K.L.:
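Supplied in structure tokens, the structure appears directly below.
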2 protein chains.
Amino acid sequence: MPEAQSPTRKRIVDAATRLFYAEGIGRVSVDAVAEKAGLTKRTLYYHFKSKDDLIAAYLDGRDQPNLKRMAGWFEADQGGVDSKVEAIFANLAVAARHPKWKGCGFLRTAAELASMPGHPAVKVGSRHKSNFEAWLAGALSGHGIEEPEVVAREIVLLIDGSFSIMLIHRNPDYIEAAGRAAATLVRARTPDRD
Amino acid sequence: MPEAQSPTRKRIVDAATRLFYAEGIGRVSVDAVAEKAGLTKRTLYYHFKSKDDLIAAYLDGRDQPNLKRMAGWFEADQGGVDSKVEAIFANLAVAARHPKWKGCGFLRTAAELASMPGHPAVKVGSRHKSNFEAWLAGALSGHGIEEPEVVAREIVLLIDGSFSIMLIHRNPDYIEAAGRAAATLVRARTPDRD
DNA sequence: TTGTGTATATTCACTAGTCGGTATACTTAG
DNA sequence: CTAAGTATACCGACTAGTGAATATACACAA
């Protein structure tokens, strides 16, 4: 029985993360992951019972880092809540300009697995996106927004729309347009206090 | 040299469309497409020089039908422009409840090809999405909206966000939330005329 | 200290099947 | 007779997953 915190397991997940994100889960073989991790495929299968298992572990490992990154951008901005929201998009647009940027790993994996809705990796993705939406709703409340859950969901839709459309057009202007739309929606739910 | 309008070619594209949309381009083999079309792989390769070529033809064939469908929903709604926009999302939500619905073929293909940004199929997808955005901007203008191109782009982001997030959560409520957000954004750019 | 048992961790070599693509030959219509 | 179109059969490369042997490390008894 392999250890859950084994350093070997971590090396495998690290290798899988790099390859799966760069090429997509369907274009990366288990052999390639094993080679990148510097061990044999049989060892990989000692630590993971299947490729599907490994894919789920890959996404699971991205949950917290992604959340922290987004939260960091929101909290670092010194403006009002509309500015804080727009800052998420501005930082996303910067990241999207990096040549290694390939969109959102959760969404791309879900797209590749569209014919297998119950796949464990899709469930991990669903949980991650729900976590983010819940965090955002919490972050919005306390800023005088009327229905923070509604606005959080609208922002989530704009973020994921940005991710998707970037893969088609490769034009970060769309992310900035989404940021302005998000700020508009925030203000639409913020009662004037004059 | 194969004919561009050959009925055999059409049969191949029809078979490819069904399989690629249902399973994703990476999970469908050329053999499977040939079998579904009722001919051999060699015949398929007489009409298409590669699988990549076939993928591009598949998406190219979806351009006009998709545009007409969206335009039909917009035009059929009898309300104001905000209601017409929301009608697109309402109809999308209905479609998304069908068990065979697997999201947007253009976006899913772009996600699968994220590591090959110049792929011909991605270009076809980019053109399609631009066509839709341009049509929408045109449809919005003449309804007293201040910057129809800006609003069209915001709506496009919400539509593609709906497609993506549906593949993760499989919950059409998100599409309806996107529709309400889109209507809000339309009204935010429609000056009061009282 | 030495020897033995045991659980964890790793390797090599392999299976059975699929992949995109093609060489060659046949059919059929003009 | 020719050329477009279709079929059979095949290629080498790659696929996920496995069987059997082995290396390593530590526990405990003599």
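So that the names make sense, note that chain A is the first sequence line, chain B the second, and so on, each numbered from 1. These figures come from a predicted structure and were not determined experimentally. Side chains included, hydrogens not; waters and symmetry mates left out as well; all remaining heavy atoms used.
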K.L.:
Give A:Val33 one of three labels, base, sugar-phosphate or nothing, depending on what nucleic acid heavy atoms sit under 4.0 Å from its own.
P.N.:
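Nothing, no nucleic acid heavy atom in range.
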
K.L.:
Could you work out which one of C:dT11, C:dG20, D:dA16 sits closest to the side chain of A:Thr40?
P.N.:
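Closest nucleotide to the A:Thr40 side chain: C:dT11.
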
K.L.:
Using whole Å, what does the distance between atom C1' of nucleotide C:dT11 and atom CG of A:Leu44 come to?
P.N.:
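Whole-Å distance recorded here is 13 Å.
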
K.L.:
Under 30°, 30 to 60°, or over 60°: which ring-plane class applies to B:His143 and B:Phe74, parallel, tilted or perpendicular?
P.N.:
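B:His143 and B:Phe74: perpendicular rings.
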
K.L.:
Scan A:Thr8 against the nucleic acid and name what it touches under 4.0 Å (heavy atoms): base, sugar-phosphate only, or nothing.
P.N.:
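The residue A:Thr8 makes sugar-phosphate contact but no base contact.
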
K.L.:
Less than 4.5 Å apart, any side-chain heavy atom of B:Asp82 and any of B:Thr190?
P.N.:
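No. Closest side-chain heavy atoms not under 4.5 Å.
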
K.L.:
CZ of A:Phe48 versus P of C:dA9: gap in Å, rounded?
P.N.:
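In whole Å, C:dA9 P and A:Phe48 CZ are 13 Å from each other.
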
K.L.:
Which whole-number value in Å describes the distance from B:Lys51 NZ to D:dC14 P?
P.N.:
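Roughly 16 Å, once rounded to whole Å.
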
K.L.:
Can you tell me how far P of C:dT24 sits from OH of B:Tyr45, to the nearest Å?
P.N.:
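B:Tyr45 atom OH is separated from C:dT24 atom P by 19 Å.
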
K.L.:
Atom CD of A:Glu35 and atom P of D:dC14: how far apart are they, to the nearest Å?
P.N.:
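My rounded result for the distance is 11 Å.
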
K.L.:
Give the nucleotide from the list D:dG5, D:dA16, C:dT10 with an atom nearest to the side chain of A:Tyr46.
P.N.:
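Shortest atom-to-atom distance from the side chain points to C:dT10.
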
K.L.:
On the ring face of B:Phe106, is B:Arg62 found with NZ or CZ under 6.0 Å from the centre and within 45° of the axis?
P.N.:
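The answer is no; the distance or angle limit is not met.
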
K.L.:
State, with a plain yes or no, whether a side-chain heavy atom of A:Leu157 is found less than 4.5 Å away from one of B:Ser162.
P.N.:
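Yes, close enough: below the 4.5 Å cut-off.
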
K.L.:
Between B:His47 and D:dA4, is there a contact of a side-chain N or O with OP1 or OP2 at under 4.0 Å?
P.N.:
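For D:dA4, OP1/OP2 do not have a side-chain N/O of B:His47 under 4.0 Å.
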
K.L.:
Tell me which nucleotide among C:dG21, D:dA7, D:dG17 gets nearest to the side chain of B:Thr43.
P.N.:
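Closest nucleotide among those given: D:dA7.
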
K.L.:
State whether A:Ser29 places a side-chain N or O below 4.0 Å from either non-bridging phosphate oxygen (OP1 or OP2) of D:dT15.
P.N.:
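Checking A:Ser29 against D:dT15: at least one side-chain N or O falls below 4.0 Å of OP1 or OP2.
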
K.L.:
When you check the phosphate oxygens OP1 and OP2 of C:dG20, does a side-chain N or O of B:Ser50 lie under 4.0 Å from one of them?
P.N.:
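No.
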
K.L.:
Without decimals, in angstroms, what is the distance between A:Leu54 CG and D:dG17 P?
P.N.:
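Atom CG in A:Leu54 sits about 10 Å away from atom P in D:dG17.
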
K.L.:
State whether B:Phe163 and B:Arg108 meet the cation-pi test: NZ (Lys) or CZ (Arg) under 6.0 Å from the six-membered ring centroid, and within 45° of the perpendicular axis.
P.N.:
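No - B:Arg108 does not lie over the ring of B:Phe163 by the 6.0 Å and 45° rule.
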
K.L.:
Nearest-Å distance, CG (B:Asp31) to C1' (D:dA9)?
P.N.:
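The answer, rounded to whole Å, is 12 Å.
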
K.L.:
Counting distance alone, no hydrogens or angles: does the base of D:dG17 have a donor or acceptor under 3.5 Å from a partner atom on the side chain of A:Arg42?
P.N.:
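Between D:dG17 and A:Arg42, which were checked side chain against base, a qualifying N/O pair under 3.5 Å is absent.
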
K.L.:
I need the CG-C1' distance between B:Leu39 and D:dA9, as an integer number of Å.
P.N.:
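Nearest whole value for this atom pair: 17 Å.
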
K.L.:
Within the modelled atom types, does a donor on one side and an acceptor on the other bring the side chain of A:Lys41 and the base of D:dG17 under 3.5 Å apart?
P.N.:
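Pair found.
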
